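To start, the structure under review is shown below, and the notes come after it.
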Amino acid sequence: MDKAYIPKNIEKELYNFWNKNGFFKPSKRKYKKNFCIVMPPPNITGNLHMGHAFQHTIMDILVRYNRMQGKNTLWQVGLDHAGIATQMIVEKNILKKKKKNIFEYGVKKFIHTIWKWKKKSEKKIYNQMRRLGDSVFWENKIFTLDKNFSKSVKKIFNNLYKDNLIYKRKKISNWDIKLQTVISDLEVKYKDISGKIFYIKYPLLSYINKTQNFCKYIIIGTTRPETLLGDVAIAVNPKDVRYKKFIGEYVVVPLVNRVIPIIIDKLANIDKGTGCVKITPAHDLNDYKVGLRHKLPMINFMKNNGTVRNKAKIYDFNGIITTCYSSYIPKELHGYDRLIARKKIIKKIKKINLFHSSSKHIIHLPYGDRSNSIIEPMLTNQWYLNVGLLSKKAIQVVKNGNISFIPKNYEKMFFSWMKNINDWCISRQLWWGHRIPIWYDSIFNVYVGSNEKIIRKKYNIPNKIILKKENDVLDTWFSSSLWTFVSLGWLENTKIFNMFHPTNILVSGFDIIFFWISKMIMMTLYIIKDDNYISNIPFKKIYITGLIGDDEGNKMSKSKGNVVDPLDLIDGITFNDLIKKRVKNITNKNKIEKIFLNTKKIFPNGISPMGADALRLSFAKLSSNNRYIHWNINVVESCRNFCTKLWNASIFILMQTSKKYYKFDQLSLKNSILDLWISIKFNILVKKYKKYLKQYRFDLLAQILNKFFRNNFCDWYLELSKSIIINDKLKKYNVRNTMLFILESFLRLAHPIIPFITEYIWQKIKKLMFIKRKTIMLESIPKTIKITESLNSQKKNLKNISFLKKIIICLRKMRLYINFKKNFLIPIFLKIENPEIFLFFSKYNFFLKKIAYIKSITILKTDDLVPFSIVQSIDQVQLFIPVLGVMTIKKEIIRLKMSIKKMILKIMYIKKKLINSSFMRFAPIIVIKKQKKQLIEFEQELSKLLQQLKIICKFNVNKFY
RNA sequence: GGGUGAUUAGCUCAGUUGGUAGAGCGCCUCCUUUACACGGAGGAUGUCGGCGGUUCAAUUCCGUCAUUACCCACCA
């Protein structure tokens, strides 16, 4: 092994070794148990970010663990075409490079360019996965627009259509003007913007008729005056006394002179605006509902690009064109963007004296999540999936516990959302995606099928009738919702599908529970039935991870310039390169300055290479139940340090065990006090390891592995074993056996989290242990070590070693107090009350001599005179170290007094309890016993402390004062 | 407005079937002893968000308030 741990030198090679040997492949043989995870397919829009790396780590830990448990294991990998996101990013690219928008560029060319983009992205993303160590089944990788995937999508669309679950309807929906597509509610994000509210006078019709003089109005507040072009009613609250008298009357809409009724509806809020609200069903989500309630017509005045039409389109409440109103729109508004039209309208209204006032107002504006443009609710014809029944079934399987969330509290979120779910709008006006498998003839009859040929045959349509394919594509989440079964080969009914579906666990962020997880559950329940026609679930468990933010808790985003690329953590990056990456595409100078300062603060010297193992270990450590994870480089550093420690300890063990005269022999694993101790500790580790894995507590898992290896194995076992190797020639074989054995077992325990370094070291030591198998990946998770000693003697062993540790720690402490140099050998004197401990000392004093640099140990009788010393007592032993010098003594007196004070407080606390009659009456006997025992211990301790103080003070007084 | 979580050491977070609390990082002191300074040894640090209730006992259970984060709804 190289002297220094440099992850770069080992990781890539090991990954190739695993992959080439097919270790990631599931077997086609029948196994007792199967284990499968389907990876949430990353979008092809860009690289994997920290969140991906985090989730992949969790998945790989589970996959590797289960593989090592001897299960037939599959981690399914693939990519998502990500409709809107990809189309946007490529569109932007084309605009930048070719100065053309996509309409100028052309559909065919555009699609071709996206495929090229996909190829590039795929390469990058898959490379990242390899660097992270993802043990995925590469041969089965799949893309959501692959031919087979498309076939499945079409087939499922057909089934849903046949079952009357899919319908097309004109409804109001969120329209993205920039992308010119409908988007779902979930893709709309709200922002608070300071804007204006305008108050406009709507003349009352009855008054006009009477006096020909506009002097009575109803005043309406609106932030979107242009929508008056689509007004069909004014609503007031039934409880609002101010407007009671006007109910049933009519007003005239300014500019278009449309006569519309005043109606009552609970939507009108007495406290908001003027209390009456204009109703524009074609351009407002709430008004749409009011329109349906009151069977009002819908007037659409806006084109899909957000400009004002020349003539309004008028529909009845069912969406059927009517002529109940004039389609007149003032000429001077034609063709203008709705925001410009707004200004023009205000101007004109002022002119005709119908303007009342305006005021500043904070508006909660809807924006497209992707395009970042203001969303206009619009009447459009879209395809919907009826999810009424599907959602109920999905709620059932979670309620039954067939699917469970980890952590559990996400179930509440899931239920409340699923209960209020609307029908799913599955069509999008995009080019990149699955075309909806629908054909129309010239009179808009609808035909469903997977291609035109089949449809003509099926419906017996002659060739002279022209069929036109639906232009819309399906929402990305439609194909994603089929991911678990289609990716496994549902269409072809493959062996793999039959073996591994339903999958075991889905690992995902909470941000896509509604987008994706809920839909997967619904679709799978609908499509997949077992032999008894019982619906199948897509996965048994859902592990929800937190989202990774920067160390202040902000989301990592390119525009904030706080992104950390997982590959940069693995390979390292200089400060300058990091800055370059972070300010790329950012033009605002202040922002650049800010990013620079922030980066300087957190990564003053860039990032040094950490390696994939350290990164993975850090993710495991951070994976608590928290929703937001404050990610910090320090954690990765401490994890890298752990890997280095593992590396160095292995070098030491290799040094010890690759000697010519030594041969590993597992049978001679005889338990000396030390070997027995580490075996017991190891067994505790294994038990906890399994427990935490069962609970999906990877943070605790990482913690106990670290604790065992550092605090037990390195700090005590290896250190103490040195004295055996030096001193006891008979036992050194056993010690070498044990250290090798424990190391090898530990490597297997740690492998799922830190696969590279464990494999590397394992390859080095396997020869020494005569292991012929190829890889640690396919070894088994270690079981507890069989210990022949009785439980009692195990307990005793733990006690003895902990006693030994106490003495050593105490000696070290005293040494520091006295300011002895570390390697200055000191004589110590002991007074021992307990004969058992006396025995212990005579047996194991060589440990002390080596590790605590003791020159000699003299055991005194109770009455023997003691040289001038500072004293410590541990259990039933008094420990004396002879000293000279005033300062030490003074220091020691202060320390002792402090300890005495603390001890007295502790004793008081317990005594108070024991005096309390209620406590004695009601507390369980065990608790009382425990407290009593503790009191005795504390009191003993106190008396010893007092005695020490006495001795020291005496010494102090006699000698110097 | 409806909902869900969080509040524990300077920071990031664990924990307790109720019996005065832990880790990592940071900080202080000492040590370059042949596995390891990406190390070792030792140390300091907390009215466990406030108030009230249940209980012999509350950081833990219940109520309430405060702060904070997020989810859903919301363009008068």
Side-chain angles (χ1 to χ4, degrees), chain A residues 1 3-5 185-186 190 193 195 197-199 220-224 227 235 267-269 272-278 283-287 361 363-366 374-377 407 409-410 412-413 416-417 420 510-511 513-514 547 551 553 608 610 614 621-622 624-635 637-656 697 699-700 703 706-707 714-715 718-719 722 808-809 812-817 819-823 853 905-906 909-910 913 916-924 926-928 930-931 934:
Chain A
M1 268 170 81
K3 211 176 166 198
Y5 166 58
D185 292 347
L186 291 168
Y190 286 82
I193 300 291
I197 180 165
F198 301 94
Y199 294 95
I220 310 280
T222 176
T223 54
R224 293 186 297 164
T227 57
L267 173 79
N269 185 333
K272 248 178 167 180
T274 57
C276 23
V277 56
K278 60 195 212 55
H283 296 280
D284 187 290
L285 296 164
N286 281 320
D287 294 2
H361 189 70
I363 315 171
H364 213 53
L365 271 185
I374 298 172
I375 294 303
E376 294 294 338
N409 54 326
Y410 286 105
K412 274 186 193 167
M413 204 163 123
S416 75
W417 192 79
N420 299 315
F510 67 82
D511 52 335
I513 291 180
F514 307 139
L547 300 186
D551 65 346
S608 58
M610 300 290 174
K621 258 190 181 170
L622 288 170
S624 62
N625 290 343
N626 241 318
R627 269 197 198 181
Y628 279 88
I629 291 160
H630 294 229
W631 182 85
N632 193 306
I633 184 81
N634 290 339
V635 180
E637 260 164 13
S638 80
C639 290
R640 183 207 42 195
N641 296 351
F642 174 79
C643 291
T644 311
K645 186 83 181 169
L646 177 59
W647 184 270
N648 288 324
S650 302
I651 288 178
F652 173 74
I653 292 168
L654 273 168
M655 264 169 55
Q656 296 304 326
R697 286 300 304 267
D699 55 337
L700 300 177
Q703 210 179 76
N706 176 56
K707 221 173 181 177
C714 289
D715 294 350
L718 289 186
E719 286 309 319
K722 284 177 190 168
I808 292 168
I809 288 168
R812 284 172 178 162
K813 235 189 262 182
M814 288 162 83
R815 197 181 262 286
L816 258 176
Y817 270 114
N819 273 334
F820 280 149
K821 281 220 162 176
K822 177 88 193 275
N823 54 1
Y853 295 89
L905 278 174
K906 276 185 181 173
Y909 181 79
I910 296 179
K913 268 188 183 176
N916 186 336
S917 59
S918 304
F919 173 76
M920 297 305 283
R921 214 179 326 143
F922 293 108
I926 306 167
V927 174
I928 296 177
K930 225 169 146 187
Q931 294 285 329
Q934 216 165 37

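Note that this is a predicted model, so its numbers are computed, not measured. Hydrogens, waters and symmetry mates are skipped; everything else that's a heavy atom, side chains included, is used. Below, chain A is the first sequence line, B the second, and so on; all start at residue 1.
Phosphate contact (OP1/OP2 of B:A23, side-chain N/O of A:Lys621, threshold under 4.0 Å): absent. Close to B:C25, at under 4.0 Å from its OP1 or OP2, lies no side-chain N or O of A:Asn632. A:Arg697 has a side-chain polar atom (N or O) that falls below the 4.0 Å cut-off from OP1 or OP2 of B:G15. Here A:Lys722 reaches the OP1 or OP2 of B:A35: one of its side-chain N or O atoms lies under 4.0 Å away. At the phosphate of B:U20, neither OP1 nor OP2 sits under 4.0 Å from any side-chain N or O atom of A:Tyr909. Proximity of A:Arg224 to the phosphate of B:C75: no side-chain N or O atom is located under 4.0 Å from OP1 or OP2.
Toward the 5′ end of RNA chain B lies the nearest nucleotide of A:Lys412, the other residue of the pair A:Lys412 and A:Lys813 mapping further downstream.
Looking at the side chain of A:Lys272, the nearest of the listed nucleotides B:C75, B:C36, B:C74 is B:C74. Of the listed nucleotides (B:G42, B:U4, B:G40), B:G42 has the atom at the smallest distance from the side chain of A:Ile809. Nearest to the side chain of A:Phe922, among B:C56, B:C75, B:A35, sits B:C56. The listed nucleotides are B:C56, B:G24, B:G19; the one nearest the side chain of A:Gln931 is B:G19. Of the listed nucleotides (B:C36, B:C72, B:C74), B:C72 has the atom at the smallest distance from the side chain of A:Trp417. The side chain of A:Tyr628 lies closest to B:A69 when the candidates are B:A41, B:A69, B:C56.
Within 4.0 Å of A:Ile193, counting heavy atoms only, lies no atom of the nucleic acid at all. Using a 4.0 Å heavy-atom distance criterion, A:Asn634 is classed as a sugar-phosphate-only contact. Counting any heavy atom pair closer than 4.0 Å across all strands shown, A:Tyr190 reaches a base atom. No contact: A:Cys643 has no heavy atom under 4.0 Å from any strand. Within the nucleic acid shown, A:Ala4 has no heavy atom closer than 4.0 Å to any nucleic acid atom. Within 4.0 Å (heavy atoms only), A:Arg640 reaches at least one base atom of the nucleic acid.
With A:Tyr5 as the aromatic partner, A:Lys645 does not meet the cation-pi criteria of under 6.0 angstrom to the ring centre and within 45 degrees of the ring axis.
When all heavy atoms of A:Gly275 and A:Ala268 are compared, the pair lying nearest together is O-CB, 3.8 Å. Among all heavy-atom pairs drawn from A:Ala614 and A:Cys639, the shortest one is O-CB, 3.4 Å.
If you check distances only, the side chain of A:His364 does reach the base of B:C74 with a donor-acceptor pair under 3.5 Å. Interface remark: the A:Glu719 side chain does not form any donor-acceptor pair with the B:A41 base, using a distance-only criterion of under 3.5 Å.
For the atom pair A:Ile651 CD1 and A:Gln656 CD, the distance stands at 12.5 Å (nearest 0.5 Å).
Looking at A:Asp287 and A:Lys278, no side-chain N of the basic residue comes within less than 4.0 Å of a carboxylate O on the acidic one, giving no salt bridge.
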